[in-house]
Colleague: 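Please find one structure pasted underneath; my questions will follow.
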Amino acid sequence: MTDDLDALYDAAIVARAKEARRSRVPEAAAHRAKCVNELCGDRVEVGLVLEGERVTEVGFKARGCALSLAAAQALKEALEGRSRAEAAELVARFRAALETGPDEASSAAPELAPFLAVRRFPSRVRCATLAWEAADAALDT
């Protein structure tokens, strides 16, 4: 069990969680969505700035566990600079990888691979996908 916990909170996750504390929702973000994890109280608001069909800025305001914060930071890193379609596809692949199991997230964006360990903790999957759920909703606005 300790090895599983070490994998869940590896150095990449911890570093992203620390970085996430400086994030903010861009004032220019016309595409926004909020999500709450009712089980643990994690909250996130994601804001996207699009220029044409390109995601030029991603920001978020989050309160929650280290896993939730790290996943929001990873979302920011992964989506900025992608087309809207690429961003939507990556969001879907990341969520599917954690919720149903295929390793698609790591092939689409290798920096997301550390989050695959969360599959061994079903109660924590929502923590890791919360910001991604909000981004999915924001892309639809």
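No hydrogens, no waters, no symmetry mates; every other heavy atom, side chains included, goes into these values.
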Colleague: Please examine the side chains of Asp42 and Leu67, heavy atoms only from C-beta on, and report whether any two atoms are closer than 4.5 Å.
Modeller: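 With C-beta onward as the side chain, the pair stays apart.
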Colleague: Can you name the salt bridge (Lys or Arg N to Asp or Glu O under 4.0 Å) partners of Arg95, sequence neighbours left out?
Modeller: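 Expected list: Glu99, Asp136.
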Colleague: By salt bridge (Lys or Arg N to Asp or Glu O under 4.0 Å), which residues pair with Arg43, not counting sequence neighbours?
Modeller: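 Arg43: no salt bridge (Lys or Arg N to Asp or Glu O under 4.0 Å) contacts found.
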Colleague: Between Glu133 and Arg126, is there a side-chain heavy-atom distance shorter than 4.5 Å?
Modeller: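 Side-chain contact under 4.5 Å: yes.
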Colleague: Treating Glu80 as the side-chain partner and Val58 as the backbone partner, does any N or O pair qualify as donor plus acceptor under 3.5 Å?
Modeller: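 At least one qualifying donor-acceptor pair exists.
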Colleague: Do Leu90 and Trp132 have side chains that approach each other closer than 4.5 Å (heavy atoms only, starting at C-beta)?
Modeller: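 Yes; the side chains approach each other to less than 4.5 Å.
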Colleague: Does the pair Leu39 and Ser123 meet the rule for a side chain to side chain contact (heavy atoms under 4.5 Å, CB included), with working shown?
Modeller: CA-CA 9 Å; Leu39 288 175; Ser123 65; 5.9 Å; no
Colleague: Taking a hydrophobic cluster as the set of Ile, Leu, Val, Met, Phe, Trp and Tyr residues connected by side-chain heavy atoms closer than 4.5 Å, whether directly or through intermediates, do Phe60 and Val36 fall within one such cluster?
Modeller: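 Not linked; separate clusters.
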Colleague: Return the CG to NZ distance between Leu130 and Lys34, rounded to the nearest 0.5 Å.
Modeller: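 Separation between the atoms: 13.0 Å.
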Colleague: Just to verify, what does Arg22 make a salt bridge (Lys or Arg N to Asp or Glu O under 4.0 Å) with, not counting sequence neighbours?
Modeller: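 Here the qualifying residues are Glu19.
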Colleague: Kindly give the heavy-atom pair with the smallest separation between Ala131 and Val46, and that separation in Å.
Modeller: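 Looking at all heavy atoms of both residues, the shortest contact is O-CG2, 3.6 Å.
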Colleague: Which pair of heavy atoms, one from Leu69 and one from Ala20, lies closest together, and at what distance?
Modeller: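 Minimum heavy-atom separation between Leu69 and Ala20: O-CB, 3.4 Å.
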Colleague: Can His31 and Leu139 be said to form a side chain to side chain contact (heavy atoms under 4.5 Å, CB included), step by step?
Modeller: CA-CA 7 Å; His31 304 272; Leu139 284 165; over 6 Å; no
Colleague: Identify the two heavy atoms, one from Lys61 and one from Val25, that lie closest to each other, and give their separation to 0.1 Å.
Modeller: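 So the two residues come closest at N-CG2, 3.7 Å.
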Colleague: Contact between Arg124 and Pro122 at the side-chain level, heavy atoms closer than 4.5 Å - yes or no?
Modeller: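 Contact flag for Arg124/Pro122 side chains = no.
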Colleague: Taking the side chain as C-beta and beyond, is there a heavy-atom pair between Ser68 and Val44 under 4.5 Å?
Modeller: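 No, side chains not in contact.
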Colleague: Minimum heavy-atom separation for Ala33 to Ala137, with atom names?
Modeller: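 Looking at all heavy atoms of both residues, the closest pair is CB-CB, 3.6 Å.
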Colleague: Determine whether Thr141 and Arg32 make a side-chain contact, defined as any pair of heavy atoms from C-beta on separated by less than 4.5 Å.
Modeller: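 A side-chain contact under 4.5 Å is absent here.
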Colleague: Could you tell me the separation between the NZ atom of Lys76 and the CG atom of Leu48, rounded to the nearest 0.5 Å?
Modeller: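 The distance works out to 10.5 Å.
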Colleague: Would you call Leu98 and Leu116 a side-chain contact if the rule is heavy atoms closer than 4.5 Å?
Modeller: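 Of all side-chain heavy-atom pairs linking Leu116 with Leu98, at least one is under 4.5 Å.
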Colleague: Using side-chain heavy atoms (C-beta onward) and a distance below 4.5 Å, is Cys65 in contact with Cys40?
Modeller: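 When only atoms from C-beta onward are counted, Cys40 and Cys65 do not touch, as no gap falls below 4.5 Å.
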Colleague: Any salt bridge between Arg24 and Glu57, counting N to O under 4.0 Å?
Modeller: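 Yes, this pair counts.
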Colleague: Taking everything shown except Arg54 itself, do over 12 heavy atoms lie less than 6.0 Å from its CZ?
Modeller: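 Enclosed.
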Colleague: If you take all heavy atoms of Leu75 and Ala135, which pair is closest and at what distance?
Modeller: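 Closest approach of Leu75 to Ala135, heavy atoms only: CD1-CB, 3.7 Å.
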